[in-house]
Structure formats: structure tokens, C-alpha cells
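Both backbone and side-chain heavy atoms feed into the values below; hydrogens, waters and symmetry mates do not.
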Amino acid sequence: MTGDLIRCGWRGMAGDPLYEAYHDTEWGVPEYDARALWEKLVLDGFQAGLAWITILRKRDAFREAFAGFDPDLVARFGEAERAALMANAGIVRSNAKIDAAIQSARLYLDMREKGEDFSQFIWSFTNGRVVQNRWTEIGQVPAQTRVAEEMSKALKAKGFKFVGPVIVYAFMQAVGVVNDHLTCCHRHEQVKRLVR
């Protein structure tokens, strides 16, 4: 990506090709695929207490370790797979986060078996619409919102872990449930035009 583009002012992004590419091509783009939404929620859970760039740099290793984030496969992970994950230096090794990821695959499948589509569930909190924010400065962007609190509460009620309102709001931003690109950012209007 070219250096002359105006981007959101995330700390540490300027000059980092991986971070800039993520911002310019993925972050804030509305995602409707249920599996992809689940993957992102799991990764955001692993981010808890860490910087997103840490997870982004390890994302390929996470995808390999978690069977391409295929919930049908991850849901069957047992002690051997869990031990392999804890021994994998390429990912974040946390007992609680690994257990939460495996359990979330089982919850995802349980929802599917009951006829509840994960994508429809996520998008139901905004009635299927992208919230179009118009922040002009990075300091205006909230860490969480009422909608994030509602989604967090609903996810927790289903048994999901590492889905507090701050994590959930970061997830909502990343998957385009909200457009939180600053109005001066070259992606703000581009993302706005991607809405269904």
C-alpha cells in the first residue's frame, strides 16, 4: 500500500506493511460468512490483553493449528490436540483461551444444529445494517457501546468465553458491523459503499 494514503491513526500501524494491508483490505469490511465471523471472534478472544498486531502476525500459525478454523474439526479436538496447541510457539499459548476456542466451536455447531445461523445471530444486533459512524479523531472512537454490551451478554449466555464488551466491539469493528474508519481515512467511504 502506498505511504501517501490517509489511514486511521492506530498506534504502530504507520510503516508496517502487514498492519497497513490489514487496515486497507480487511478491517471494517462487512463480513457475512458465518465461519469467517466465528474465526474472527476466536482470534479476538486470543487478543484479550494483547495488541491486535500480535495476533495478526500469528494468524497463519493460528489457522494451521486450528485446522483452518473449521468448527466441525475444532469441536472434536481432544487432549492430544489441546496439548499440541499448548506446545505450539507460533500461537498464543493460554489454557483458558485454547479451551474457550474449542468450546466455541462446539457452541457454533450447537447453534447450527438448532437452526440458528451464526451470521444472522451476529448481524441481528444491528438489524442486519452496518452502523455508519463518523468519527473525525481516533480519540472519539469508543472502546465499547450499548450494542456491544448486548451482543456480549447474548454470547456469554450461550456459553462463549472471552467475549466481554470491549472484545466484542473490536470484533464488530473488524467485521464491519460498524464502520469505524475515521472520516479522513481513505477507507471510510470505500467501506461505506460495500454495504449490502
Quiz prompt | Leu37 and Tyr32, any side-chain heavy atoms less than 4.5 Å apart | solution = no

Exercise. Compare every heavy atom of Ala75 with every heavy atom of Leu109, then report the nearest pair and how far apart it is.
Key: CD1-CB, 3.4 Å

Self-check item: Residues, nucleotides or ligands: over 12 heavy atoms within 6.0 Å of Arg93 CZ
Solution: yes

Quiz prompt | Arg63 side-chain N/O to Gly68 backbone N/O, donor-acceptor pair under 3.5 Å | solution = no

Quiz item: Which heavy atom of Ala101 sits nearest a heavy atom of Val42, and at what distance?
Solution: CB-CG1, 3.7 Å

Self-check item: Arg11 to Tyr19 - nearest heavy-atom pair and separation
Solution: O-CE1, 3.9 Å

Quiz prompt | side chain to side chain contact (heavy atoms under 4.5 Å, CB included) assessment of Leu182 paired with His188 | solution = CA-CA 6 Å; Leu182 300 181; His188 181 82; over 6 Å; no

Quiz item: Aromatic rings Phe160 and Phe118: how do their planes relate, parallel, tilted or perpendicular, breaks at 30° and 60°?
Solution: tilted

Quiz prompt | Contact summary for Phe62 and Val92, nearest pair of heavy atoms | solution = CZ-N, 3.4 Å

Quiz item: Given the side-chain rings of His23 and His181, with only the six-membered ring counted for Trp, is the space between their centroids under 6.0 Å?
Solution: yes

Quiz prompt | Heavy-atom pair with the smallest gap, counting every atom of Tyr22 and Ala174 | solution = OH-CB, 3.6 Å

Self-check item: Distance-only side-chain donor-acceptor flag, Asn179 / Arg134, under 3.5 Å
Solution: no

Practice problem: Examine distances only and state if a side-chain atom of Asn127 and a backbone atom of Arg129 form a donor-acceptor pair shorter than 3.5 Å. | Solution: no

Quiz item: Under a 4.5 Å cut-off applied to non-hydrogen side-chain atoms, are Val168 and Val147 in contact?
Solution: no

Quiz item: Any chance the rings of Trp27 and Trp52 have centres within less than 6.0 Å?
Solution: no

Quiz item: Is Arg112 salt-bridged to Glu116, going by a charged N under 4.0 Å from an acidic O?
Solution: no

Exercise. Would you name the heavy atoms of Arg35 and Tyr108 that are closest together and state the gap between them?
Key: N-OH, 3.4 Å

Self-check item: Within 6.0 angstrom of Glu64 CD, more than 12 heavy atoms from elsewhere
Solution: no

Quiz prompt | Expected output: side-chain Lys161 to main-chain Asp99 donor-acceptor under 3.5 Å | solution = no

Exercise. Taking only Lys NZ, Arg NE, NH1 and NH2, and the carboxylate oxygens of Asp or Glu, determine whether Glu31 and Lys40 approach each other closer than 4.0 Å.
Key: no

Quiz item: Under the side chain to side chain contact (heavy atoms under 4.5 Å, CB included) criterion, do Arg187 and Val29 qualify, and how do the steps go?
Solution: CA-CA 9 Å; Arg187 288 293 285 163; Val29 174; 3.3 Å; yes

Quiz item: Relative to the ring of Trp38, is the ring of Phe69 parallel (under 30°), tilted (30 to 60°) or perpendicular (over 60°)?
Solution: perpendicular

Quiz item: Ignoring hydrogens and geometry, is there a side-chain-to-backbone donor-acceptor pair from Thr126 to Val131 under 3.5 Å?
Solution: no

Quiz item: Can you tell me if Glu81 uses its side chain to pair, donor with acceptor, with the backbone of Gly78 under 3.5 Å?
Solution: yes

Quiz item: Does the side chain of Gln140 pick up a donor-acceptor pair with the side chain of Thr136 at under 3.5 Å?
Solution: yes

Practice problem: Spell out, as yes or no, whether a donor-acceptor pair under 3.5 Å connects the side chain of Ser152 to the backbone of Val163. | Solution: yes

Exercise. Indicate yes or no: does Arg57 engage Asp16 in a salt bridge with an N to O separation below 4.0 Å.
Key: yes

Quiz item: Do Val177 and Phe125 touch side chain to side chain, with heavy atoms closer than 4.5 Å?
Solution: no

Quiz item: Would Arg106 and Asp110 pass as an ion pair if we require N to O under 4.0 Å?
Solution: no

Self-check item: Side-chain heavy-atom pair Trp135, Pro142 within 4.5 angstrom cut-off
Solution: yes

